[in-house]
Amino acid sequence: MDKITTIKGFKDILPDETGKWQYIEENARRIFACFGFSEIRTPILERTELFKRSIGESTDIVEKEMYTFTDRGDESLTLRPEATASVIRAYIEHALYAKDNIAKLYTIGPMFRRERPQKGRYRQFHQINAEALGIEDPRIDAELILMLTHFLDQVGLSEVALEINSLGCIRCRSDFKKSIVTFLKGKEKDLCEDCRRRITTNPLRVFDCKVQTCAEIIKDAPGLLDFICTECSDHFEKVKDSLQLFNIPFRINPKMVRGLDYYTKTAFEVTTNLLGAQNAIAGGGRYDALVKHLGGPDVAGIGFAIGFERLLALVSMKDKQFSDVPQLFIAALGEAAQKKAFVFCNRLKLKGIPSEMDYTGKSLKSQMKRADKLESLYVLILGDKEIAENSAELRNMRKSTQETVELDRIEEIVIRKIQEG
RNA sequence: GUGGGUGUAGCUCAAGUGGUUAGAGUGCCGGGUUGUGGCCCCGGAGGUUGAGGGUUCAAGUCCCUUCACUCACCCCA
């Protein structure tokens with residue numbers, strides 16, 4: 001019989017890792033709440049049309065990376081490859097804009113993309129997303145970036161860089177696209193195969209092609225930042241000014257092009273060089289046309305996504321205690337002692353004191369070993385001798401000290417000891 | 001989808017050019033102590049060498065096929 005295993009690119013998150021996951025999540029929740037964000041949870045399965053319309057038909061995600069299937073009859077469904085589309089869908093569907101002009105939302109959960117797995121890339125991966133809807137002011141761009149960098153700093157992430165760019169609005173970007181296509185016309189034969197394809201699919205992508213000859217050619221092309229309209233460039237200036245108010249270091253990367261069609265104006269990425277080929281640990285940007293494009297009101301938006309697994313890989317947390325250890329382990333010897341131990345052990349749990357015992361009736365030595373392995377603070381030794389004398393031995397495992405306590409008062413004594421530390 | 005690397009005990013890895021019964025560390029279980037953890041000492045369990053086929057007197061080792069993992073390209077978190 002063959003073993004049944006996880007499918008390619010999917011991972012179990014095992015008990016010794018979940019503490020770290022919770023630590024990251026708790027920090028995100030606390031900090032995001034402080035910035036006025038509320039949690040939203042949306043389904044991981046959506047109608048395929050949602051992603052086609054928001055992310056863009058000709059993007060890699062939609063063209064070849066989605067888990068799409070036909071549900072029984074004829075409806076096409078897709079496991080979400082990213083969160084923003086779902087959040088906006090919910091925002092429109094429940095008319096959240098009618099309750100408040102401004103909505104600040106975050107969500108944490110799994111995303112799915114069917115790519116070849118490699119370091120820092122999985123087919124099921126997790127993201128922490130934040131979206132601010134209804135604010136056009138460039139200060140919110142900076143505030144969101146401030147929240148992101150503050151969060152990364154709080155969870156102990158260093159050696160990361162912030163890169164920003166402006167992609168222009170729908171109008172100036174499409175003008176720019178045209179000028180790039182014109183520029184590349186006639187030079188096709190010197191471009192790599194991918195870039196020849198990009199001319200029709202996504203000409204801006206030629207900018208970050210790693211092939212030497214393509215880089216040479218595109219070097220002389222007009223830059224997006226020189227091309228954007230006054231409104232967009234004004235917006236970008238204000239974002240930069242606001243970032244400087246908080247001394248957030250950033251680098252302008254005019255070649256940064258984001259992979260989703262809906263981005264406009266401000267785009268940003270937090271990168272590292274410690275993760276191999278996957279250098280982006282967080283990315284985001286403004287998407288002022290998306291809400292309307294998905295059938296909602298004409299509302300501005302901006303958001304970011306943090307790659308959970310990539311973040312975890314970078315955060316060193318060896319000094320922190322992530323798992324709860326039992327405060328008391330009861331080593332019981334013999335029938336009568338086990339019965340007493342069982343009652344006592346569970347009474348402590350009901351009082352909120354983590355306690356453990358052994359049900360196998362093994363030797364005291366092996367029970368002590370288990371208590372040690374669990375890193376229990378105290379061990380209560382309860383045997384026939386103690387039962388007969390109406391007492392028990394209470395051992396402090398850290399200090400290796402031990403004392404005899406009255407059996408009738410053990411509950412009270414143990415609780416006091418534990419509270420004293 | 002394309003290319004490289006790697007598959008041996010739960011985990012990390014050994015086994016010159018093919019050659020007895022595939023080893024070690026760690027972890028697990030037990031003993032050394034009739035009822036006391038860690039350190040130390042001793043013992044035990046645990047393997048279809050990823051799978052299938054081929055060459056050979058003989059394959060963990062060589063050849064073919066296949067699968068898995070992994071890194072990279074593309075793209076992205």
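Naming: A, B, ... by sequence-line order, numbering from 1 per chain.
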Query raised in the report: So what does A:Ser376 touch, heavy atoms closer than 4.0 Å: a base, only the sugar-phosphate, or nothing?
Result: nothing
Query raised in the report: Tell me: CZ of A:Arg395 to P of B:U36, nearest whole Å?
Result: 10 Å
Query raised in the report: Do A:Glu65 and A:Asp60 have side chains that get closer than 4.5 Å, going by heavy atoms?
Result: yes
Query raised in the report: Given the C1' atoms of B:U36 and B:G31, what is the spacing between them in whole Å?
Result: 16 Å
**Report entry** Between B:G60 and B:C76 - P atom distance, rounded Å
**Finding:** 48 Å
Query raised in the report: How is A:Gln402 classified with respect to the nucleic acid when contacts are heavy atoms under 4.0 Å: base, sugar-phosphate, or nothing?
Result: base
Requested in this report: Determine the interatomic distance between P on B:A22 and the same-named atom on B:G16; round to the nearest Å.
Outcome: 15 Å
Query raised in the report: Can you tell me how far C1' in B:A45 sits from the matching atom in B:C40, rounded to whole Å?
Result: 22 Å
Requested in this report: Please give the nucleotide sitting opposite B:G37 as a Watson-Crick or G-U wobble pair, both distances under 3.5 Å, or none.
Outcome: none
Query raised in the report: Does the ring of A:Phe125 lie flat against the base of B:A77, closer than 5.5 Å centre to centre with planes under 30°?
Result: yes
Report summary line: Side-chain atoms of A:Arg116 come closest, of B:G38, B:C74, B:U2, to B:U2
Query raised in the report: When you compare B:U20 with B:U65, how far apart are their C1' atoms, in angstrom units rounded to a whole number?
Result: 31 Å
Requested in this report: For A:Glu309 and for A:Asp372, locate the closest nucleotide of RNA chain B by heavy-atom distance; then report the residue assigned to the nucleotide nearer the 5' terminus.
Outcome: A:Asp372
Report task. Choose from B:C74, B:U36, B:G38 the nucleotide whose nearest atom is closest to any side-chain atom of A:Ser400. Result -> B:G38
Query raised in the report: Taking atom CD of A:Glu115 as the centre, does the number of heavy atoms from other residues, nucleotides or ligands within less than 6.0 Å exceed 12?
Result: yes
Query raised in the report: What is the nucleic acid contact for A:Gly120, judged by heavy atoms within less than 4.0 Å: base, sugar-phosphate only, or nothing?
Result: base
Query raised in the report: Crowded around A:Phe342 CZ? As in, over 12 foreign heavy atoms under 6.0 Å?
Result: no
**Report entry** Watson-Crick or G-U counterpart of B:G27, or none if no pair lies under 3.5 Å
**Finding:** none
Report summary line: Atom CD1 of A:Ile4 and atom P of B:C67 are separated, to the nearest Å, by 19 Å
Query raised in the report: What is the distance from CD of A:Glu269 to C1' of B:A77, rounded to the nearest Å?
Result: 9 Å
Query - Side-chain N or O of A:Lys11 closer than 4.0 Å to phosphate OP1/OP2 of B:U70 - result: yes
Report task. Classify the nucleic acid contact of A:Tyr122 as base, sugar-phosphate or nothing, counting any heavy atom under 4.0 Å across all strands shown. Result -> base
Query - Side-chain (A:Arg310) to main-chain (A:Gly120) donor-acceptor, under 3.5 angstrom - result: yes
Query raised in the report: So what does A:Glu115 hit on the nucleic acid, given a heavy-atom distance under 4.0 Å: a base, only sugar-phosphate, or nothing?
Result: base
Query raised in the report: Can you tell me if the side-chain N/O atoms of A:Lys119 get under 4.0 Å from OP1 or OP2 in B:A72?
Result: no
Report task. Hunt down the Watson-Crick or G-U wobble partner of B:U49, both distances under 3.5 Å, from any strand shown, or write none. Result -> none
Requested in this report: From the options B:A72, B:C76, B:G35, select the nucleotide whose nearest atom is closest to the side chain of A:Leu364.
Outcome: B:G35
Query raised in the report: What's the closest nucleotide to the A:Lys373 side chain, out of B:C28, B:A77, B:A72?
Result: B:C28
**Report entry** Within the 6.0 Å centroid threshold, strictly below: A:Tyr106 and A:Phe37
**Finding:** no
Report summary line: Nearest-nucleotide check on RNA chain B, A:Lys362 vs A:Ile381; residue mapping nearer the 5' end is A:Lys362
Requested in this report: Would you mind classifying the nucleic acid contact of A:Asn279 as base, sugar-phosphate or nothing, using non-hydrogen atoms under 4.0 angstrom?
Outcome: base
Query raised in the report: In terms of ring plane angle, is the pair A:His126 and A:Phe308 parallel, tilted or perpendicular, where the classes change at 30° and 60°?
Result: perpendicular
Report task. Name the nucleic acid region contacted by A:Ala277, choosing base, sugar-phosphate or nothing; use a 4.0 angstrom heavy-atom cut-off, strictly under. Result -> base
Query raised in the report: Across all strands shown, which nucleotide pairs with B:C69 by Watson-Crick or G-U wobble geometry, both distances under 3.5 Å?
Result: B:G5
Query raised in the report: If you check the A:Lys8 side chain, which of B:C69, B:A77, B:U36 turns out closest?
Result: B:C69
Report task. Look at the side chain of A:Arg113 and decide which nucleotide, out of B:U36, B:A72, B:A77, has an atom nearest to it. Result -> B:A77
**Report entry** Separation of atom CD in A:Gln278 from atom P in B:A72, rounded to whole Å
**Finding:** 6 Å
Query - B:G47 to B:G10 separation - C1' atoms, rounded to the nearest Å - result: 12 Å
Query raised in the report: Base, sugar-phosphate, or nothing: which does A:Gln124 touch, judged by heavy atoms less than 4.0 Å apart?
Result: nothing
Query raised in the report: Given atom CE of A:Met368 and atom P of B:G31, what is their separation to the nearest angstrom?
Result: 15 Å
Query raised in the report: Just how far, in rounded Å, is C1' of B:C76 from CZ of A:Phe308?
Result: 19 Å
Query raised in the report: Given B:A72, is OP1 or OP2 found less than 4.0 Å from the side-chain N or O atoms of A:Gln118?
Result: yes
Query raised in the report: Rounded to whole angstroms, how far apart are CZ on A:Phe329 and C1' on B:G37?
Result: 11 Å
Query raised in the report: With no angle test and no hydrogens, is the base of B:C71 tied to the side chain of A:Arg121 by a donor-acceptor pair under 3.5 Å?
Result: no
Query raised in the report: A:Ile281 near the nucleic acid: base, sugar-phosphate alone, or nothing, with a heavy-atom cut-off under 4.0 Å?
Result: sugar-phosphate
Query raised in the report: Between A:Gln118 and A:Gln278, is any side-chain donor less than 3.5 angstrom from a side-chain acceptor?
Result: yes
Requested in this report: Would you mind classifying the nucleic acid contact of A:Glu82 as base, sugar-phosphate or nothing, using non-hydrogen atoms under 4.0 angstrom?
Outcome: nothing
Query raised in the report: In whole Å, what is the span from the CG atom of A:Leu148 to the C1' atom of B:A77?
Result: 12 Å
Requested in this report: Please measure how far the P atom in B:G50 lies from the corresponding atom in B:U12, and state the result in whole Å.
Outcome: 14 Å
Report task. Taking atom C1' in both B:G54 and B:U2, compute the distance separating them and give it to the nearest angstrom. Result -> 29 Å
Query - Within 6.0 Å of NZ in A:Lys340, more than 12 heavy atoms from elsewhere - result: no
Requested in this report: Scan every strand shown for a Watson-Crick or G-U wobble partner of B:G19, both distances under 3.5 Å, and answer none if you come up empty.
Outcome: B:C57
Query raised in the report: Backbone N or O of A:Arg416 within a donor-acceptor pair of the A:Gln419 side chain at under 3.5 Å?
Result: no
